[in-house]
Amino acid sequence: MDKKLSVYNSLSRKKEEFKPIHEGRVGMYVCGPTVYSDVHLGNCLTFVRFDVIYRTLLHLGYKVRYVRNITDVGHLLDDGEDRISKGARIDQLEPMEVVQKYANGFHDIMDIFNALRPNIEPRATGHIMEQIAMVEQIIKNGYGYEVNGSVYFDTIKFAEQTGKYGELSGRVIEDLLVETRDLKNQSDKKHPADFAIWMNASPEHLMRWPSPWGEGFPGWHLECSAMSTKYLGKTFDIHGGGNDLKFPHHENEVAQNVGACGCAPANYWLHTNMLLMNGRKMSKSDGNTISPEELFTGDSPHVSKGYHPMIIRFFMLQSHYRSELNLTDEGILSAEKGYKRLMECLKSVGSLEAKGSKATPLDEEILSLLNQAEEDMLDDFNTPKAISRYFELCNKINGLKEGQLNLGDVLPSTIEKLVKDFNAFVHNVLGLKDVSDSESGAILDGVMQLVIQLRQGAREEKNWAASDKIRDGLAALDIQIKDGKEGTEWSFK
RNA sequence: GGUCGCGUGGCCGAGUGGCUUAGGCACUGGUCUGCAAAACCAGUUACAGCGGUUCGAAUCCGCUCGCGACCUCCA
């Protein structure tokens, strides 16, 4: 925490030094999914990226309250039907069954991606009272009006009086004023830019609650305003989400919070960029899409084989969170090789025995790379750059291990720090797990040691036929034999 | 159409005025090896196009082309 963290703030459109409201503590709210269908891979990317941001803050020593909501009401389709209600109608389920089913699926996938769970995961339906109270406050402050049991946010009035509308998304008020748009079922609005904060429930609408304006349900943007206020306070540190939420969702959130309490909700707004596939937007409608499961199993025309979730996670982290990520089979394949190299190296660094007694250029270079990697993470969470430092460190580590570099040129204290930082970076910050650990186990390793001994015996007798037969046979099982200076090792290909 | 952003070598992907040979993958050569693989070393391929600012631009400005996001479905 004594180190300076800089973050790119969407509000100011530049990097700023991060200063929490309360010393040593961070309140972070990230917009979670609307649980009306199976989780989209793009959602996974967003939440993995915020997972690394969360982990980095923890690693820096901050006490973080990480709140990520689940939207389970109020998010409407083009035709005005609630997303959840539609799912319930089609599948003949209770709305809450739909919500539970997809929330479970979402949690399962995020667990597979090794994303830490948030500290609080509030649901919109569990905070109807808070949302009604906020609507009342907005009306009281003059920024809401009721028509036929629905309450709308008076965007134009808010914009004119506060000048606060459009700051985040870059909208211009004049453009709003001239905007005309034919909206279905929303003709009660005074202006197209107005948005519902409470909606009257039609007789067939399944999800409904009593309110001062009759039976209805909360508007889509309202739950985030109400729940972030409840759990993090009227103003908190970080608000995040995908940049497709910038407008209207986040802009309207700001308007609601300012409209209700007169204060801006978050000091720093962080937005992640979108996932592309083969250079084009991942979209269900034109078939340019792949689900997490298909990516893991390889059951898709877009990939040549299945990939372990940790490889996908590593692939995701090799791009910066504010950049688009282009998912290609070739890209993941190269990430897979890089990932395995990194993890193999992490394993071998622990067995290095430094023999140096004074600082050398090599020693300094290692320490410098470690510092640079840390600075990269402090510079707006630059995971790809930090990862590149560790790849450079891998060259040093492998060189020391194989004898191209001299263990007498590094201090034991340097190796100690290298081991500690490397492990913390890979496991705690990037949140990567070693794939082969789960695949191997002690028994297989024991068997492999035996096989390696037998092969070594054959080699000593120059029985190349036998030794190569063992090697080729193992290779066919995707097990690689590595003859090094210090003996033979094995790993999965 | 409006607003904003992007365009880096065979692929992925950092870098925003002057040494980053970024890094990964691929490829080529070398060291090592019984031969390989792995590892290490070295090397090739670059900044969409055109013009401008500057002593100097991938980096700033303008135009053109291409791509993407948002403009009440989106992570």
Side-chain angles (χ1 to χ4, degrees), chain A residues 13 30-34 36 39-50 75-79 83 166 169-172 175-176 178-179 181 183 186 189 192-196 219-221 240-249 251-252 271-276 279-284 314-315 318-320 322-339 341-342 344-345 348 376 382-392 394-405 459 462 464 467-468 471-472 475 480-485 488-489 491 493:
Chain A
R13 294 181 181 78
V30 173
C31 286
T34 300
Y36 63 97
V39 64
H40 186 270
L41 191 63
N43 295 63
C44 298
L45 173 65
T46 297
F47 300 129
V48 163
R49 284 168 160 178
F50 277 108
H75 200 159
L76 303 184
L77 293 160
D78 275 345
D79 59 7
R83 284 174 174 276
S169 60
R171 304 288 132 159
V172 182
D175 293 346
L176 292 174
V178 300
E179 183 186 4
R181 181 183 286 264
L183 294 168
Q186 297 184 38
K189 289 181 185 180
D194 293 355
F195 56 93
W220 170 38
H221 316 297
N243 74 1
D244 53 346
L245 291 181
K246 236 189 239 177
F247 191 89
H249 185 61
E251 195 66 61
N252 289 353
H271 288 100
T272 58
N273 217 322
M274 298 290 103
L275 178 67
L276 309 179
R280 307 207 58 88
K281 185 191 178 186
M282 196 176 270
S283 158
K284 283 184 184 174
F314 181 71
F315 172 70
Q318 271 195 304
S319 71
H320 189 258
R322 285 192 284 115
S323 297
E324 287 170 336
L325 173 60
N326 185 19
L327 184 120
T328 61
D329 189 54
E330 201 179 355
I332 306 172
L333 269 170
S334 70
E336 178 176 45
K337 291 183 181 171
Y339 170 83
R341 177 150 175 252
L342 194 73
E344 281 299 312
C345 191
S348 52
D376 293 334
N382 197 330
T383 52
K385 210 168 174 185
I387 288 169
S388 80
R389 309 289 188 192
Y390 276 95
F391 273 118
E392 291 194 57
C394 280
N395 287 342
K396 310 295 175 203
I397 292 166
N398 286 328
L400 288 166
K401 184 185 164 200
E402 298 295 329
Q404 292 96 345
L405 295 173
R459 293 180 74 206
K462 299 200 188 300
W464 310 127
S467 97
D468 288 355
R471 185 174 70 195
D472 297 343
Q480 183 156 58
I481 288 292
K482 293 188 272 198
D483 296 324
K485 282 228 169 16
T488 301
E489 295 178 355
S491 70
K493 273 187 184 171

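Computed from heavy atoms alone, side chains included, the values below leave out hydrogens, waters and symmetry copies. A note on names: the letters A, B, ... follow the listed sequences, proteins ahead of strands, and every chain is numbered from 1.
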What nucleotide among A14(B), C11(B), A39(B) has an atom nearest to a side-chain atom of T328(A)?
C11(B)
Residue K385(A), side-chain atoms from C-beta onward, closest of A75(B), A38(B), G15(B):
G15(B)
Mind checking D376(A) for me? I need base, sugar-phosphate or nothing, with any heavy atom below 4.0 Å counting as a touch.
nothing
Quick one: is S323(A) getting a side-chain N or O under 4.0 Å of the A14(B) phosphate, OP1 or OP2?
yes
Check whether any side-chain nitrogen or oxygen of R341(A) sits under 4.0 Å from OP1 or OP2 of G24(B), and answer yes or no.
yes
Taking only side-chain nitrogens and oxygens of N243(A), does any of them come within less than 4.0 Å of OP1 or OP2 of A69(B)?
no
Stacking check F391(A) vs G24(B) (5.5 Å / 30 deg)
no
Using heavy-atom distances to pick each residue's nearest nucleotide on RNA chain B, tell me which of R459(A) and L405(A) is more 5'.
R459(A)
From the candidates G15(B), A37(B), A75(B), the one with an atom nearest any side-chain atom of F47(A) is A75(B)
Under 4.0 Å between a side-chain N/O of N273(A) and OP1 or OP2 of A75(B), yes or no?
no
Any side-chain N or O of K401(A) under 4.0 Å from OP1/OP2 of A38(B)?
no
Winner on side-chain proximity to Q404(A), out of A69(B), G68(B), C40(B), is C40(B)
If you check the D468(A) side chain, which of G24(B), C35(B), C11(B) turns out closest?
C35(B)
Selection from C70(B), A37(B), G24(B) that lies nearest to any side-chain heavy atom of K482(A)
A37(B)
Any N/O donor-acceptor pair, R471(A) side-chain to A36(B) base, under 3.5 Å:
yes
